[in-house]
Amino acid sequence: MVSISRSKKSLRQKWSKKCEPALLGSTVAAIHRRGKWLLLELDRGPFLMVHLGMTGQFTVVQPGTPKEDHTHFVFLLDNRSELRFRDIRRFGSITYFPDRAGWEGYLADRLGPEPWDLAAQDWQAELAKSKRSLKALLLDQTNIAGVGNIYADESCFAARIDPQRTGQSLDAEEGLRLLQSIREVLDRAIHYRGSSIRNYVGGSGLRGGFQDEFAAYGRTGKPCIKCETPIKCVRLAGRSTHFCPQCQT
DNA sequence: GGTATTCCCTGCGGGC
DNA sequence: TGCCCGCAGGGAATAC
């Protein structure tokens, strides 16, 4: 990394120019993921924590490639190519941490366990104490990391559970079924490289394919793939929520 | 303390 | 054709 430029329109979190000298000359040693956060580990010790928000994307382009609108950061690399961060809606963020303890402390307060690491008894305990809707519970990253609106809807559909129900209304079998469905839905979404509703593309510039597999999300009024009852849409936790009123009880 | 709602932000699509 | 408005959703802030 030999230079950094950024747009005048900042992202959600303020970027301090003071950190930039610490980044220059660094090499990205490793890339990690926690929930929806990406962590770029630099060889000199600092970390860049990135959230893509809704429309954030990284691309590597050759020098001289015209800069698209909403390109907020450009990292000039040793081979003269550019690592660009573009985010149309500016819901994304890039945060600098001088060391590992910084981001670990930050995320410790904001992120629960990964779905694959979440012990069944801990999940059951979380459900049992919550009077919130399942939808709100799934979107709350402190309960379970990495589930967004689309995957919350698809997970509830796969588990055949109404997202309007409260956490504590689920019995043990239903709770386990939901956890298993979350894992399966996320595994499938990763296999398909995510969901491209409008803007999303992966780092290679390819669109995801999971949007073609949706059973509930975005299918308001269309027949359920299992029982042909029209898919219903309600608003929960401030988000549109799609479910089959027949299959999901 | 727990829960619900609002805000930011921009592009797209529908209605007029 | 062009304008206006509502909708989409991530986390944070605010309200209840």
Side-chain angles (χ1 to χ4, degrees), chain A residues 6-15 33-39 48-58 67-73 84-97 102-103 105-112 114-115 125-157 163-170 182 185-186 189 194-202 207-208 210-211 214 216-222 231-243:
Chain A
R6 60 197 174 100
S7 70
K8 290 181 180 176
K9 287 184 176 180
S10 64
L11 299 170
R12 270 188 302 140
Q13 293 183 334
K14 291 181 180 176
W15 174 266
R33 181 196 62 79
R34 270 289 282 132
K36 301 175 187 176
W37 299 89
L38 294 175
L39 292 148
L48 289 179
M49 190 175 73
V50 179
H51 198 300
L52 299 178
M54 284 293 298
T55 51
Q57 56 186 250
F58 273 115
K67 194 154 70 177
E68 294 181 284
D69 288 343
H70 313 295
T71 299
H72 300 292
F73 278 86
R84 294 181 179 176
F85 181 74
R86 182 172 183 246
D87 185 8
I88 295 171
R89 292 188 199 173
R90 283 192 273 162
F91 280 11
S93 65
I94 300 181
T95 311
Y96 169 85
F97 289 101
W103 68 260
Y106 182 88
L107 291 186
D109 298 332
R110 293 169 172 80
L111 269 192
E114 300 287 324
E126 203 62 53
L127 291 172
K129 70 181 183 187
S130 177
K131 294 178 181 176
R132 286 195 289 174
S133 68
L134 283 178
K135 182 60 177 275
L137 207 146
L138 290 175
L139 292 180
D140 185 344
Q141 302 296 297
T142 63
N143 293 323
I144 185 167
V147 180
N149 195 43
I150 292 172
Y151 303 117
D153 283 5
E154 292 299 314
S155 297
C156 286
F157 181 88
Q164 299 172 105
R165 287 176 61 184
T166 62
Q168 60 183 202
S169 76
L170 268 62
I182 293 166
V185 164
L186 290 179
S195 309
S196 292
I197 306 297
R198 284 181 182 169
N199 312 89
Y200 170 77
V201 294
R207 286 170 57 83
F210 193 61
Q211 68 281 359
F214 289 165
Y217 179 83
R219 299 193 67 250
T220 307
K222 294 181 179 174
I231 295 292
K232 195 174 174 183
C233 181
V234 296
R235 200 151 184 91
L236 286 174
R239 302 286 179 261
S240 58
T241 302
H242 311 77
F243 67 101

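Both backbone and side-chain heavy atoms feed into the values below; hydrogens, waters and symmetry mates do not. Every chain is numbered from 1, with letters handed out A, B, ... down the list of sequences.
Atom-to-atom, CG of A:L111 to P of C:dA12 comes out at 9 Å; the value is rounded to the nearest Å. If you take CG of A:D87 and P of B:dC9, they are 12 Å apart, rounded to a whole angstrom. Between the CG atom of A:L139 and the P atom of C:dG10 there is a distance of 7 Å, rounded to whole Å. Distance, A:L236 CG to B:dA4 P: 9 Å, rounded to whole Å. In this structure, A:K131 places its NZ atom 11 Å from P of B:dA4, rounding to the nearest Å. Atom-to-atom, OH of A:Y151 to C1' of C:dG10 comes out at 14 Å; the value is rounded to the nearest Å. Counting to the nearest Å, the P atom of C:dG10 and the CH2 atom of A:W37 are 13 Å from each other. Counting to the nearest Å, the P atom of B:dC9 and the CZ atom of A:R90 are 6 Å from each other.
Between A:R235 and C:dA8 there is a side-chain polar atom (N or O) within less than 4.0 angstrom of OP1 or OP2. Checking the phosphate oxygens (OP1, OP2) of C:dG11, a side-chain nitrogen or oxygen of A:H51 falls inside 4.0 Å. For A:K36, a side-chain nitrogen or oxygen approaches OP1 or OP2 of C:dG11 to under 4.0 Å. Using a 4.0 Å cut-off, no side-chain N or O of A:Y106 falls inside it from OP1 or OP2 of C:dG11. Taking only side-chain nitrogens and oxygens, A:H70 never comes nearer than 4.0 Å to OP1 or OP2 of B:dC9.
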Passes ring pair (Phe, Tyr, Trp, His ring centres under 6.0 Å), A:Y106 versus A:F97? Steps please. CA-CA 10 Å; A:Y106 182 88; A:F97 289 101; 5.7 Å; yes

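In terms of position on DNA chain B, the residue among A:R239 and A:D69 whose nearest nucleotide sits closer to the 5' end is A:R239.
Among the nucleotides C:dG10, C:dA8, B:dA4, the one closest to the side chain of A:R132 is B:dA4. Candidate nucleotides B:dT3, B:dA4, B:dG11 were compared by shortest atom distance to the side chain of A:A136, and B:dA4 ranks first.
In terms of polar N and O atoms assigned as donor or acceptor, the side chain of A:R110 never comes within less than 3.5 Å of the base of C:dG10 in a complementary pairing. For A:R89 and C:dA8, a side-chain-to-base donor-acceptor distance below 3.5 Å is present, hydrogens and geometry of angles not being considered.
Between A:D140 and A:R132 there is a salt bridge, with a side-chain nitrogen of the basic residue lying less than 4.0 Å from a carboxylate oxygen of the acidic one. With respect to the salt-bridge test (charged N to carboxylate O, under 4.0 angstrom), the residues A:E68 and A:R84 do not qualify. Under a 4.0 Å N-O distance rule, the pair A:E154/A:R219 does not qualify as a salt bridge.
Counted by atom type alone, A:D87 and A:H72 present zero donor-acceptor pairs between their side chains at under 3.5 Å.
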